[in-house]
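Structure record follows, encoded as structure tokens.
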Amino acid sequence: MPHALTPSQLLSMKERAQIKEEEVRRMILEIAASSNLAQKLELVDTLIGVDYHYKKEINDLLCSIYNDEDGGSDDLYITSLRFYLLRKHGYTISV
């Protein structure tokens with residue numbers, strides 16, 4: 001039979017989860033400020049599944065990726081990941 005959590009244990013878990021969420025948010029903002037397209041794309045790809053926690057940050061990242069003057073990379077993986085993520089999130093992008 002599973003062990004029930006006490007109110008103080010539950011509160012402690014919630015506080016730790018909030019701290020971790022803020023740490024991830026800071027990491028997102030750091031990567032967003034960089035010019036490393038590969039890191040930005042891989043971060044968005046990694047956050048799929050928990051994106052409801054970071055909707056604004058992910059949308060900002062995708063917007064900066066979409067508006068990137070360079071438009072991508074010569075690397076097929078980066079180009080395909082960029083295409084996939086932008087299309088998946090509703091951006092109109094041609095092949």
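Treat the numbers as computed from the prediction; the structure is a model and nothing was measured. Values reported hereafter were calculated over all heavy atoms of this structure, with side chains retained and with hydrogens, waters and symmetry mates removed.
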Which heavy atom of L5 sits nearest to which heavy atom of Q9, and what is that distance? CA-OE1, 3.5 Å
CG on L11 to CZ on R16, rounded to 0.5 Å: 10.5 Å
Assess whether atom OH of Y91 is packed by more than 12 heavy atoms of other residues, nucleotides or ligands within 6.0 Å. yes
Flag the pair D60 / K56 as yes when at least one side-chain heavy-atom distance between them is below 4.5 Å, and no otherwise. yes
Check whether any side-chain heavy atom of Y77 lies under 4.5 Å from a side-chain heavy atom of R82, and answer yes or no. no
Exercise: identify the closest heavy-atom pair between I78 and A38: CD1-CB, 3.3 Å
Pair V24-L47, side-chain contact (heavy atoms from CB on, under 4.5 Å): steps then yes or no: CA-CA 10 Å; V24 171; L47 291 174; 4.3 Å; yes
Candidate pair S12 and E15, rule side chain to side chain donor-acceptor pair (under 3.5 Å), full reasoning: CA-CA 5 Å; S12 174; E15 288 171 350; 5.3 Å; no
Spacing of NE2 belonging to H53 relative to CD1 belonging to I28, to within rounding of 0.5 Å: 11.0 Å
Going through the distances and angles, do L41 and D45 end up as a side-chain contact (heavy atoms from CB on, under 4.5 Å)? CA-CA 6 Å; L41 290 167; D45 192 40; over 6 Å; no
Could you walk me through whether V44 and L81 pass side-chain contact (heavy atoms from CB on, under 4.5 Å), step by step? CA-CA 10 Å; V44 171; L81 185 57; over 6 Å; no
Taking a hydrophobic cluster as the set of Ile, Leu, Val, Met, Phe, Trp and Tyr residues connected by side-chain heavy atoms closer than 4.5 Å, whether directly or through intermediates, do Y66 and Y84 fall within one such cluster? yes
Distance, nearest 0.5 Å, that separates CD1 of I31 from CG of L43: 4.5 Å
Using a 3.5 Å distance criterion without hydrogens, assess whether the side chain of Q39 forms a donor-acceptor pair with backbone atoms of N36. no
What's the spacing between S64 OG and L37 CG if we round to 0.5 Å? 8.5 Å
R87 side chain to T92 main-chain N or O, any donor-acceptor pair under 3.5 Å? no
Short side-chain to backbone donor-acceptor contact, S80 and L76, under 3.5 Å: yes
Report yes or no: do Y54 and L29 belong to one cluster of Ile/Leu/Val/Met/Phe/Trp/Tyr joined by side chain heavy-atom distances under 4.5 Å? no
Backbone N or O of S34 within a donor-acceptor pair of the K40 side chain at under 3.5 Å? yes
Under a 4.5 Å cut-off applied to non-hydrogen side-chain atoms, are L85 and I48 in contact? yes
